[in-house]
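Report on one structure; see the data block that follows.
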Amino acid sequence: MILRGKVWKFGDNISTDLIAPGRLFHLRSNLPELAKHVLEDADPTFAQKVQKGDFVVGRKNFGLGSSREHAPTIIKLAGVSAVLAKSFARIFYRNAINVGLPVLICDTDRINQGDELECDLEKGRINDLTKNITLDFTPLPKAMIKILNDGGLVEHIKKYGDFKID
Amino acid sequence: MGKTLAEKIIGEHTGREVKAGEIVIVPVDVCLTQDGTGPLAIRQLRKLGLEVAKNPKRTVLFIDHAAPSPRKELSNDHILIREFAEKTGACLSDVGEGVCHQIIAESYLKPGDILIGADSHTCTGGALCSFATGMGSTDVGIGIALGKTWLRVPETFKVEITGSFQPGVYPKDLILHLIGLIGADGATYKALEFCGDTVEKMSASGRLTLSNMAVEAGAKVGLFASDNTTKEFLKEHKRTKDFRKIEPDEDAKYERIIKIDASKLLPTISFPHTVDNTKTIDQIRKTIKIDQVFLGTCTNGRLEDLETALKIIKGRKKHPKVRMIIVPASKRVFLDTLNKGYIKAFIQFGAAILAPGCGPCVGVHEGILGDGENCLSTMNRNFKGRMGNTKGFIYLASPATAAVAAITGEISDPREFLVKKNLKERR
Ligand code: SF4
């Protein structure tokens with residue numbers, strides 16, 4: 001699968017509180033509404049401006065904090081095709097795969113706001129078309145590729161009635 | 001080959017030896033959700049037509065984050081949770097019972113268990129030598145229905161702590177120090193294993209504080225071997241027979257060993273807006289005024305914590321410009337403090353006591369900060385916006401440092417305070 005879109009660049013330590021804040025706790029059962037506020041506390045204009053297929057690009061420890069799966073879910077609902085970062089917090093990483101949002105570990109230092117990217121998930125390669133550079137990303141563990149390819153954990157379990165990750 | 005605690009516990013569940021790095025499917029003993037994550041877990045199970053609990057007696061659905069409910073949307077989420085509990089026979093811990101991690105430790109968890117919880121601080125349970133780890137709603141929902149999950153066996157960092165704390169320094173200062181040392185992502189994907197003579201002497205309450213914050217360094221779990229202290233804790237909660245001794249092998253392989261001399265630690269404070277942004281009390285040069293003091297949460301809302309604070313405030317006056325909010329972590333803690341007369345003393349001091357639960361911790365209700373306000377909190381996180389306002393500032397510290405700030409109206413050294421107080425009492 002090849003993904004293509006524009007970059008929204010964020011900094012280090014983007015917490016789940018910045019992605020889906022606790023003050024909007026009451027919207028957690030209304031995900032489309034919550035998605036209108038995605039990443040609001042990190043960039044108040046993001047939710048209005050993001051286009052389908054765009055990439056969220058962070059630096060280190062993206063998604064730290066709470067286990068709220070609502071965080072990757074609303075990033076996906078906002079149309080984002082993948083999140084790229086130098087590293088991810090463990091629970092966010094796992095949640096993202098479970099909800100079918102690709103999360104790619106790569107050196108994001110050279111990627112800037114507004115760059116046009118093309119990601120080839122199978123080949124493990126990212127092309128920054130604006131800068132004309134190619135970056136490799138660390139492949140996901142096999143178990144996660146399986147879940148992601150099935151469309152997330154619910155779809156995986158629907159298909160097999162059990163974990164079939166090896 | 002020698003095994004770490006994580007490899008031991010996971011290995012017992014797979015029925016064969018496991019090594020760090022392997023991905024395994026394991027049965028889970030205990031599952032928990034809370035009111036911020038439970039409704040999504042339930043909806044995911046509905047999508048699958050799997051509204052069942054494999055082990056209903058050890059599946060616990062908590063209503064603690066927004067309890068009592070501050071708005072109708074959340075009241076409706078609570079209805080969904082209660083209905084699911086009723087339908088599946090799972091345990092319900094409703095308004096007034098307290099914070100999930102405290103109750104799981106008091107009433108459900110035993111050494112050697114695997115606990116998965118839809119809350120990042122599920123790692124608190126590692127204090128009882130349980131492989132306790134946080135996951136999202138879908139993972140835990142499926143864990144509830146199928147009674148299993150998949151895991152990567154983590155590599156372990158051994159954290160060896162020796163020496164005695166000086167007066168005014170507590171396990172909270174130690175864990176803040178450790179996180180400051182290795183960073184908020186210093187242990188991502190790893191297990192922490194706490195050991196050393198400091199830990200051997202430490203109360204279960206102090207251990208729960210350390211395990212609770214393992215995730216703030218990115219760790220998957222923060223484990224302690226089970227010992228007499230674990231046994232005593234279980235006995236106190238009428239669960240003596242749940243005790244089992246589990247220790248790591250002497251020749252276990254650790255990815256990293258971190259040594260800490262507890263006698264050298266000073267009261268430590270995390271500055272806004274990351275937990276690893278720590279300073280020791282003597283590194284703080286300017287006055288930091290405090291508007292709100294919050295004593296409570298799954299990190300520091302236990303009897304021992306409230307006792308520490310009480311000793312400091314006793315016979316003293318609250319600073320007129322400080323609001324103090326106290327939330328006992330559980331009904332049991334509330335009753336114990338009530339019976340000991342602490343609650344009366346806190347009220348007389350001028351504190352507001354809230355129902356057991358998360359209280360202001362997650363910014364949903366009760367104690368949301370105003371623009372530019374500073375809060376000194378005993379909780380585990382100080383992220384921007386955490387207490388309901390991105391323009392608020394959260395400082396994390398021990399219950400003692402919190403109590404002192406309630407008196408002085410600023411961040412102050414609890415050691416001086418304890419020393420002076422002792423002198424005065426001796427006279
Ligand atoms: S007290 Fe705070 S950190 Fe603990 S479970 Fe509740 S919201 Fe989470």
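Every chain is numbered from 1, with letters handed out A, B, ... down the list of sequences. This structure is a prediction, so every number in the text was calculated from the model and none was measured.
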Which bit of [X] comes within less than 4.5 Å of chain A, counting heavy atoms only: side chain, backbone, both or neither?
| X | answer |
| --- | --- |
| B/Lys148 | both |
| B/Ser137 | both |
| B/Phe383 | side chain |

Return yes when atom [atom1] of [X] has more than 12 non-hydrogen atoms of other residues, nucleotides or ligands closer than 6.0 Å, and no otherwise.
| X | atom1 | value |
| --- | --- | --- |
| A/Asn132 | CG | no |
| A/Lys123 | NZ | no |
| B/Arg82 | CZ | yes |

Counting C-beta onward and ignoring hydrogens, is there a side-chain heavy-atom pair between [X] and [Y] closer than 4.5 Å?
| X | Y | result |
| --- | --- | --- |
| A/Phe25 | B/Leu74 | yes |
| B/Glu73 | A/Asn30 | no |
| A/Lys60 | B/Thr188 | no |
| B/Trp150 | A/Ile147 | yes |
| A/Leu64 | B/Asp185 | no |

Taking atom [atom1] of [X] and atom [atom2] of [Y], what is their separation to the nearest 0.5 Å?
| X | Y | atom1 | atom2 | value |
| --- | --- | --- | --- | --- |
| B/Arg152 | A/Arg94 | CZ | CZ | 11.5 Å |
| B/Asp139 | A/Ile97 | CG | CD1 | 11.0 Å |
| A/Phe163 | B/Thr149 | CZ | OG1 | 4.5 Å |
| A/Asp12 | B/Thr274 | CG | OG1 | 10.0 Å |
| B/Ile23 | A/Ile165 | CD1 | CD1 | 6.0 Å |
| A/His156 | B/Leu48 | NE2 | CG | 11.0 Å |

Specify the closest pair of heavy atoms between [X] and [Y], including all atoms of both residues, with the distance to one decimal.
| X | Y | result |
| --- | --- | --- |
| B/Ser120 | A/Ser66 | OG-CA, 3.7 Å |
| A/Asp17 | B/Lys384 | CB-O, 4.1 Å |
| B/Ala184 | A/Asn61 | O-ND2, 3.4 Å |

Highest number of heavy-atom pairs under 4.5 Å with chain B: which of [options]?
| options | result |
| --- | --- |
| A/Thr16, A/Leu18, A/Val154 | A/Val154 |
| A/Arg23, A/Lys142, A/Arg68, A/Glu155 | A/Arg23 |
| A/Asn13, A/Val99, A/Asp162, A/Leu24 | A/Asp162 |

Checking [X] against chain B: side chain, backbone, both or neither under 4.5 Å from a heavy atom?
| X | answer |
| --- | --- |
| A/Phe92 | neither |
| A/Ile14 | neither |
| A/Pro141 | side chain |

Donor-acceptor pair, side chain of A/Asn95 and main chain of B/Gly136, under 3.5 angstrom: yes
B/Arg381 side chain to A/Gly65 backbone, donor-acceptor under 3.5 Å: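 Yes: the side chain of B/Arg381 pairs with the backbone of A/Gly65.
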Donor-acceptor pair between B/Thr133 and A/Arg90 side chains, under 3.5 angstrom: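 The answer is yes; a qualifying pair exists.
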Under 3.5 Å side-chain donor-acceptor pair for A/Ser29 and B/Arg43: yes
A/Arg28/B/Asp77 ion pair, N-O < 4.0 Å: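 Here A/Arg28 does not pair with B/Asp77 in a salt bridge, since their nearest N and O are not under 4.0 Å apart.
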